[in-house]
Each structure stands twice: as C-alpha cells, then as structure tokens.
*Asks:* 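Here's a structure for you.
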Protein chains: 2
Amino acid sequence: MPALPKPANRREGLRRETLALILATAERIFAEHGFKGATMQAIADEARLPKANLHYYFPTKQDLYRQVVERIFNIWLDAAESFDTTASPQEALTTYIRKKMEISRSHPYGSKVWANEVIHGAPIIHDYLETTLTEWTETRIKVIERWMDEGLIDRINPRHLLYMIWATTQHYADFSHQIVTLNDSKEMNDQQWADATECVTRIILAGIGAKRGG
Amino acid sequence: MPALPKPANRREGLRRETLALILATAERIFAEHGFKGATMQAIADEARLPKANLHYYFPTKQDLYRQVVERIFNIWLDAAESFDTTASPQEALTTYIRKKMEISRSHPYGSKVWANEVIHGAPIIHDYLETTLTEWTETRIKVIERWMDEGLIDRINPRHLLYMIWATTQHYADFSHQIVTLNDSKEMNDQQWADATECVTRIILAGIGAKRGG
DNA sequence: CGTCAACCTGACCAGATGGTCAAAAGAAAT
DNA sequence: ATTTCTTTTGACCATCTGGTCAGGTTGACG
C-alpha cells in the first residue's frame, strides 16, 4: 500500500478517478458473475464508459481481473498485520477476528472475488498462495505453538484454528445471500454485525481455552 | 432420495449410466469453471460424448446445471438429518460436524458448485434457501435454544454457531486449493482429515461450553 | 423379421464477446 | 498558436458457444 502522491495535474487526477471507477465497478461485476460470466461490456456499462476505454487502461480482461484480485490481497494483508505476534492470545485473536469481520462487511465484493478465485483453483493468484500466504501462515502457526507451550491456550492444531477463523469470518461476506435470506431477507444491521463478531470471538476463544479479556 | 427401482431393460440401464456420467462430469466442470465458464463442449469432451448427446438428455445448459445443484442439495439434506433433534448437544453436533466433513471430502465438487451458486446470489436455488433451508434452520435454532435453557451449553446466538459449522466444514472443500498449497502442496491424507474433524469438533464443543463425550 | 420409438451424432447457425483500430477530441508544452 | 502527447470512442472483426436439426443407428416388441 504505497501512499499515493498527489496528482501532478488535471490529467493525472482524471486518470486516477477513471482507474478507481473501473476497478471498483469491475470488482462488483466479477463478484456477481465470476471471471467468465463478467463481460467487459457489462463493466463498461455500469461504469458508464465505452468498452474501448476500458481496454485503453487495461489491455485485457485478465489484466483488469488481476489488478482487482491484487487489491483484495493487499486489504487482506493489512488485516493480517493485526494478528499481532507479540500480544496475548486474547488480544491478538480478538483484534484479528474483528478486523476480518469488518472487511467482510466493508468489502463483500472483494471477498467474493477472492473466494471465487480460490474455489476455481486460484489460477491467477497461485503464486501469492505459495509465497506470501505460506510465509504468513507459518509465522502465525509458530506464534500459536508458543502460546500452547506457555500454557496460554489448549493444545490444538494451529492450522485448523486459522482455517476456522478464515472460513467463519469470510462466510459472512461470501455467503451473504444465504445469510440475508435466513435473516428475514434483510441485510444485517449494525447490532447484528456486532453480535456476530462478539459471538464468533467468544466461541473461538473459549474453544481453545483462552480466557477473555485476559 | 427415492430408492431407484432396478432398470427394466438394457435401454433403461444404459440411459441411467449416461445420465449419471453426464451429471458427474458436469458437476466437476461446473465446480472448476463456474456456470458461465463451463462449456457444454468441455463437459461433452470429458464425458466422451458428442455435445448434441448432452442436449438430448438436458435440453439446455441451465437444465443440466439445475439438476447438478439439486443433487447436491439432497446430499446436504441427508447430512442435515443427522443433526438429531433428540440427542445431547455433544452427540448431535459431533455427528453433524463429522457428516459435514465427510461430505467435504467425498463431494468436493458439489460443495464448490453450491458455494459458487450462493456467492453469485443463488439465482437458481433461491427458492430452496427460502423454503427448505429456512425451515431446517428454524427448527435447529429452537433445539439449540432448548439446550441453553436446560443449561447444557453456554448462552450464545444459535444462528452464528450454525454459520460457524457450515463455514468451517465447507471451507475444507471449497478452499481445498488453498489448503493443499498450505499443506506442502499435498492432498490431505486420512490422518489429517481425522485430525481436522476432531479439532473442529473440539473447538466448537468447548467454544459453547459443552463437555465432550457427555 | 418388420415396425416403431428411442437414441445418437456431424454439421450447422445466430448471437455474444474479447479485443483492435483509426480517427477525433482534449490537455500540456513550446 | 502550434505542436505533441494522452485520452476517448464508434465501428469493426475473429472466435467461441449454446442450441438446432435432419438423418442415421439401435434396441424393444410382436
């Protein structure tokens, strides 16, 4: 996430706006229809741009898709940082879960695109999984093992704890249609999101034998 | 799941074999490429049938897709039955989680198709969500509430407990590529599946304050 | 064996879609 | 004002894909 320098001139500013508009629209369309189901024409229409203009900024559909996915990965990385390797299990996990739930609420389309990508074998982002994600996971597993060695939590397989957190938090974004349907066809409100976050955190912490607020 | 009567003759037998072959192949291709990404030609090639033959049995791609999804839903319903409403929390949840993990292992393609469908707004199965799934969920929520009233488990929001179980168990199928990558690029073996099931069950049970084996 | 219905299949078509291009329009620099 | 570079855009094309169809093949049945 490089801090972006301010636009040098009118052109540069417009260019950024257009890029942002295209990326945001594309994220939604890719999330709703999948890579193949999304068409450049549909993205163009939603963004109110001629299709040829999209191809000016992103030569191919794959280029556009890749940038959408990379943006999402960076958001994920930000949240991943909040898994503080120096904090107590309670602090680290509570913060991490909250952050992930917030992402599910604020970036539902991104989460869906990511899910889609992984479900279909991660053809575009396979290298990310093998490098960045693997490294991140290994270091966190070591942290969790240390917690167990120090008797701060029960002995469990750290891998499955992580999967459980990922699966559950992302479920609220990826399966939002199912959740909405089961919620009287209403979007979850602030209170319900807070309730979900609290409930998930509590079950996870109790599940691994970590006292809360400790 | 109607018990199928035995084929009356050679023709009937062949017909069933062909139907089963097409459905199984389609399930895999739909899982790997999504609805739009999967082509009738690809399914035909994989099944070693002429494309026109597919259209003989399934007039349109949507018909084929719908039947694939319906088959998956029935498998889900079977597992759902194992959430015994009369058993203790430990029994009911342990069995249910085990059953769902088994499905994730034995029907990974089906799970992926389902996930895809829900992620994209469940255009085909929306009626299932609104009827069968809603009813099932309501009855199970009542059961969980009874457990809480009887002091068998802690007070939590039953809805989120269910979401957690669904999310986590299905994660092993839907995100298998990620899991394999993080597992030294090897498929999970018998021991690892048993380990995962045990670990998930333990965290959930402890998470809601239910003693194990009780 | 003959008839009929079910089944199979190569060839074909219409529409959709990713991508191209040349020309026009607009901003920046001189 | 003129030149130069970036951006915009409508028209166009090659390819892919779902679906059709006419004619051939096969099994059931009397």
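Just so it is clear: chains get the letters A, B, ... in the order the sequence lines come, proteins before strands, and each one is counted from 1.
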*Asks:* D:dG19 base to B:Lys61 side chain: any donor-acceptor pair below 3.5 Å?
*Replies:*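 No such pair is found, so the answer is no.
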*Asks:* Mark yes or no for whether A:Asn157, through its side chain, and A:Arg159, through its backbone, hold a donor-acceptor pair below 3.5 Å.
*Replies:*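 Yes, A:Asn157 side chain to A:Arg159 backbone: donor-acceptor pair under 3.5 Å.
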*Asks:* For residues B:Asp63 and B:Gln67, is any side-chain donor paired with an opposing acceptor at under 3.5 Å?
*Replies:* no
*Asks:* Of all the nucleotides listed (D:dC21, D:dG10, D:dT6), which has the minimum atom distance to the side chain of A:Tyr56?
*Replies:* D:dT6
*Asks:* For the residue pair A:Trp166 and A:Phe83, is the inter-centroid distance of their aromatic rings smaller than 6.0 Å?
*Replies:*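 When the ring centroids of A:Trp166 and A:Phe83 are compared, they turn out to be at least 6.0 Å apart.
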*Asks:* Mapping A:Arg48 and B:Gln41 onto DNA chain D by nearest heavy atom, which one lands closer to the 5' end?
*Replies:* A:Arg48
*Asks:* Considering residues at least two apart in sequence or located in another chain, which fulfil the side chain to side chain donor-acceptor pair (under 3.5 Å) criterion with A:Thr181?
*Replies:*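 A:Thr181: no side chain to side chain donor-acceptor pair (under 3.5 Å) contacts found.
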*Asks:* Specify the residue among A:Lys36 and A:Pro50 whose closest nucleotide of DNA chain D lies further upstream toward the 5′ end.
*Replies:*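 Final value for this comparison: A:Pro50.
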*Asks:* Identify the 5'-most and 3'-most nucleotides of DNA chain C with at least one atom closer than 4.0 Å to a non-hydrogen atom of chain A.
*Replies:*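 Endpoints of the contacted stretch of DNA chain C: C:dT17 to C:dA28.
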*Asks:* Does B:Trp114 have its ring centroid less than 6.0 Å away from the ring centroid of B:Tyr65?
*Replies:* no
*Asks:* Contact class for B:Tyr57 (heavy atom, under 4.0 Å): base, sugar-phosphate, or nothing?
*Replies:* sugar-phosphate
*Asks:* Under the rule for salt bridge (Lys or Arg N to Asp or Glu O under 4.0 Å), what residues qualify as partners of B:Glu102, not counting sequence neighbours?
*Replies:*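 Residues passing salt bridge (Lys or Arg N to Asp or Glu O under 4.0 Å) with B:Glu102: B:Arg98.
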